[in-house]
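What follows is a single structure, written as structure tokens, with notes after it.
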Amino acid sequence: MKELVLYTNPMSRGRIARWMLEEVGTPYSVEILGFGSGMKDERYKRFNPMGKVPTIVHGEKVVTECAAICAYLADAFPQAGLAPAPEARADYYRWLFFAAGPLEASVTNRSLGVEVPAEKQRMVGYGSYEHVMDTLEKAVSDAEYIAADHFTAADVYVGAQIGWGLQFGSIEKRPAFEDYAKRMSSREPAKRAAALDNAAAANAQ
Ligand SMILES: N[C@@H](CCC(=O)N[C@@H](CS)C(=O)NCC(=O)O)C(=O)O
């Protein structure tokens, strides 16, 4: 079996990768990196030139970017059943990419107080934060899971973004978001991942 290593910080987006790894259920080891020196170390930047977390190293393969890590792990461990069949991936790709692009950008910009003037919305990939929220609300209201008739890696990624956004006030507290986040975070692997990261964070202090 190939070695699988997660480079992360327990108070970061690395929590998404940890959740995905717990859903996969395969053994992995964890390297905790500090903000600042650890992530900016030249040896680590060979894996992640951005000097950011998370990164996974699986044998010879290096994957950065949370959404890519979720998709990669679902494909690398098909027995976990976390990706739809290839011919049934339309919604799966759509919502993974929507969350990594428009959703993440709109939420970050709003948190930073960046307002897109109405006449510029056409050239901004997410248009407006309100538009993104309305689109996302419909996506999580239509069915129990976002991309298939079962839980997938897209639910890890979208669920983590919504959960995080609700917790920090960067995503509006709409009932559909709260219901979806509760459904996703009440899964055993999600609870396990949160407990492991909370313990790692407490340890680091
Ligand atoms: N687009 C990246 C974002 C990764 C990212 O920004 N990670 C933050 C923590 S949440 C980080 O490592 N910040 C440290 C730094 O930039 O020095 C992903 O989805 O993985």
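Atoms within each ligand, like the ligands themselves, are counted from 1 in listed order.
Looking at heavy atoms from C-beta onward, Leu196 lies in side-chain contact with Glu22 at the 4.5 angstrom threshold.
In terms of protein heavy-atom proximity, atom 9 (C) of ligand 1 is closest to Ser12 CB, 3.7 Å. Ranking the protein heavy atoms by distance from atom 19 (O) of ligand 1 puts Cys66 N, 3.2 Å first. Annotation: atom 11 (C) of ligand 1 to nearest protein heavy atom, Lys52 CG, 3.7 Å. In terms of protein heavy-atom proximity, atom 7 (N) of ligand 1 is nearest to Val53 O, 2.9 Å. Protein heavy atom closest to atom 1 (N) of ligand 1, with residue, atom name and distance, is Glu65 OE1, 2.6 Å.
The Met39 neighbourhood of ligand 1 comprises atoms 12 (O), 14 (C), with distances under 4.0 Å to a heavy atom of that residue. In summary, the atoms of ligand 1 found under 4.0 Å from a heavy atom of Arg13, numbered by their order in the structure, are 3 (C), 4 (C), 5 (C), 6 (O), 7 (N), 8 (C), 10 (S). Shown in contact with Lys40 at under 4.0 Å from a heavy atom are these atoms of ligand 1, numbered in order with element: 15 (C), 16 (O), 17 (O). Interface atoms of ligand 1 facing Pro54, defined by a heavy-atom separation under 4.0 Å, are 20 (O).
The pair Arg174-Asp179 fails the salt-bridge criterion, with no side-chain N (NZ, NE, NH1 or NH2) lying under 4.0 Å from an Asp/Glu carboxylate O. Using a 4.0 Å cut-off between charged nitrogen and carboxylate oxygen, Asp197 and Lys191 do not count as a salt-bridge pair. Salt bridge status for Arg13 with Glu65: absent, with no side-chain N to carboxylate O gap under 4.0 Å.
Within the 4.0 Å heavy-atom cutoff, Met50 does not count among the residues contacting ligand 1.
Looking at Asn198, its side chain does come within 3.5 Å of a backbone N or O of Ala194 through a donor-acceptor pair.
Ring orientation note: the planes of His58 and Tyr72 are nearly perpendicular, at an angle over 60° on the 30°/60° scale. Relative orientation of the Tyr7 and Tyr44 rings is tilted, given thresholds of 30° and 60° on the angle between their planes.
On a distance-only criterion, Tyr157 and ligand 1 share no N/O pair closer than 3.5 Å. No N or O atom of Phe35 sits closer than 3.5 Å to an N or O atom of ligand 1.
Remark: of the listed residues Arg18, Arg187, Arg192, Arg187 is the sole one forming a salt bridge (charged side-chain N to carboxylate O under 4.0 Å, His left out) with Glu23.
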